[in-house]
Colleague: 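Below is the structure I would like to discuss, written out as structure tokens.
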Amino acid sequence: MTAAAPFGQMSIRQLQDGLQAKDFSCVEVASSVLDAIEAKDEELHAFLEVTADQAREAARALDARIAEGAFAEAGPLAGIPVAYKDNMNLLGTHTTCSSAMLENYVAPYTATCVQRTLDAGAIPIGKLNMDEFAFGSSTETSSFGPTLNPWDEERVPGGSSGGSAASVAAGLVPVTLGSDTGGSIRQPASFCGVVGVKPTYGAVSRYGVVAFGSSLDQVGPFARSVEDAALAMNALCGHDPLDCTSQPITTDFTANLDDGVKGMRVGTVPAFMEAQGLAAEVKARVEEAASKLEAAGAELVEVELPHAKAAISAYYVLGPCEAFSNLARFDSVRYGYCDPGHKDLGSQYEASRAKGFGPEARRRIMLGSYLLSAGVYEQYYYPAQQVRTLITEDYTRAFEKVDCLILPTAPRTAFKFGEIADPTEMYLSDMFTISINIAGNGGMNMPVGTGVDSGLPVGAQIVSPAFKDENMLRVAAELERIYGQAPVAPAFRAGE
Ligand code: GLN
């Protein structure tokens, strides 16, 4: 990439080298990224809010530190424009979760994951579009209109973190954050051809991120290179006293990126590759990626995850139950849209929740409410938790034999808007990602070329044992050496 590339299309290292050498300032980086968003995002609609004032203020403060010669202490994301999924609180800006329910909600504090990027020197650029309350795989459930896929604007960017994936793929920002409950980082990363990491459950604090399924939700980065994702992981991971599930992680995720895969055991799961619904062009690319890893010195080992086929069924019990309980707080009194003019609380609740939540959110709430009701609970919730244990044990056994797995991320490449109208068909978008949330392991998407039929990005999913996220990043770095760095989507490339 030439020095003339737009700042949003540069890597962290390129930006930091330029800042340190005083080729450009943080204020220049921030202003040019803000200009590019203004010029290009009206159509793409990745951003719901652009935090220009906060960005300029952070950039000015950092420029002052650089002038004092204190760049090295500024942190691993010093000077890097970062944007956040709109379910993460950033003090003084909106957190809408793409829902009419929270249209006017202004964050009274900053989420730990966001704060950690700011502490690492990031320049906060804005808030990103998503499926409403993170329910969906396409951003079509956003109350504020969908985000377009930068590779083909007639197609969805994936979801629920569609804005986070699309803004990186379009080269508007180098790094964004998303959240993943069943696949919402990995699937949009696959559809947009970028790196997307769902860390092990507990690696990143969930404090200040609007909860969907608290036992499944995890925050992670999107980037166009494995090194950028690893640097963001360094900033994000670690213990937070405000989230009792967060763990004291001190790993340097960049440490083994150059080690190669020689001697690593990489698991393949034949049943996944034979799954009904897996597109031939995706299957071919993932198989090719596995054999390229073998050629690079990895040992491929077939493993079985016999209960993974029950993951979608278990997830669509556990997820709605947790969502139903988490969304109870949007009651029009303490939080959320309040429908005016009601004389009794019952009708105010009913009207506010009926108008505030969109159809998919209402579907999940009704499902969860039913599944947790007396007599039904024993038939669904309880067995789903038992299935969860079986799936977790499957992964534990598999990881006795291998250091990581390679799987498809999504069954197909990006689909067209409106193409999948049946909710249960949409739920299958996450058939390869959900079991990883259920077990709690780390999983990430790596672009491995484009499909022969669609010409669109295909992603391979690399899965790590719990708290060994460095394993998948190491394999991903090898894939990046083989395939090259994730490109900016053609229509958004500098000079094109
Ligand atoms: N697509 C899945 C769902 O709709 C996953 C969403 C997510 O990970 N937030 O539940």
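Just follow the structure's listing: the first ligand is 1, and inside any ligand the first atom is 1. Small disclaimer: the values here were computed from a predicted structure and weren't measured.
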Colleague: Strictly by modelled atom types, are Ser332 and Arg353 linked by a side-chain donor-acceptor pair under 3.5 Å?
Modeller: no
Colleague: Which of the listed options, Phe212, Tyr316, Phe135, holds the heavy atom that is closest to atom 3 (C) of ligand 1?
Modeller: Tyr316
Colleague: Less than 4.0 Å between a side-chain N and a carboxylate O, is that true for Asp119 and Arg116?
Modeller: no
Colleague: With nothing but distance in play, are any N or O atoms of Thr181 less than 3.5 Å from an N or O of ligand 1?
Modeller: yes
Colleague: Please step through side-chain hydrogen bond (donor to acceptor under 3.5 Å, both in side chains) for the pair Thr409 and Ser190, ending with a clear verdict.
Modeller: CA-CA 7 Å; Thr409 301; Ser190 163; 4.8 Å; no
Colleague: Polar-atom distance check: Ser137 versus ligand 1, any N or O pair below 3.5 Å?
Modeller: yes
Colleague: Is any side-chain N of the basic residue among Asp180 and Lys198 closer than 4.0 Å to the acidic one's carboxylate O?
Modeller: no
Colleague: Go through ligand 1 atom by atom and flag the ones less than 4.0 Å from a non-hydrogen atom of Gly183.
Modeller: 8 (O)
Colleague: Among Thr413, Leu456, Thr450, exactly one meets side-chain contact (heavy atoms from CB on, under 4.5 Å) together with Glu281. Which residue is that?
Modeller: Thr413
Colleague: Closer than 4.0 Å to some heavy atom of Gly182 - which atoms of ligand 1 meet that?
Modeller: 5 (C), 7 (C), 8 (O)
Colleague: Which of the numbered atoms in ligand 1 are below 4.0 angstrom from a heavy atom of Ser160?
Modeller: 9 (N)
Colleague: Mind checking whether Ser184 contacts ligand 1 via backbone (N, CA, C, O), side chain (CB onward), both or neither, at a 4.0 Å heavy-atom cut-off?
Modeller: both
Colleague: If you measure from each non-hydrogen atom of Arg364 to ligand 1, which part falls under 4.0 Å: side chain, backbone, both or neither?
Modeller: side chain
Colleague: From Ser373 OG over to Phe324 CZ, what is the distance, rounded to the nearest 0.5 angstrom?
Modeller: 9.0 Å
Colleague: Is it the case that the side chains of Ser142 and Asn129 hold a donor-acceptor pair, with the cut-off being a distance below 3.5 Å and no angle test?
Modeller: yes
Colleague: Counting only heavy atoms, tell me which of Thr433, Asp430, Ile185 gets closest to atom 1 (N) of ligand 1.
Modeller: Asp430
Colleague: What distance separates Glu227 CD from Leu257 CG, expressed to the nearest 0.5 Å?
Modeller: 7.0 Å
Colleague: Report yes if Gly136 has an N/O atom closer than 3.5 Å to an N/O atom of ligand 1; otherwise report no.
Modeller: yes
Colleague: Specify the protein heavy atom at minimum distance from atom 10 (O) of ligand 1: its residue, its atom name, and the distance to 0.1 Å.
Modeller: Tyr315 OH, 2.6 Å
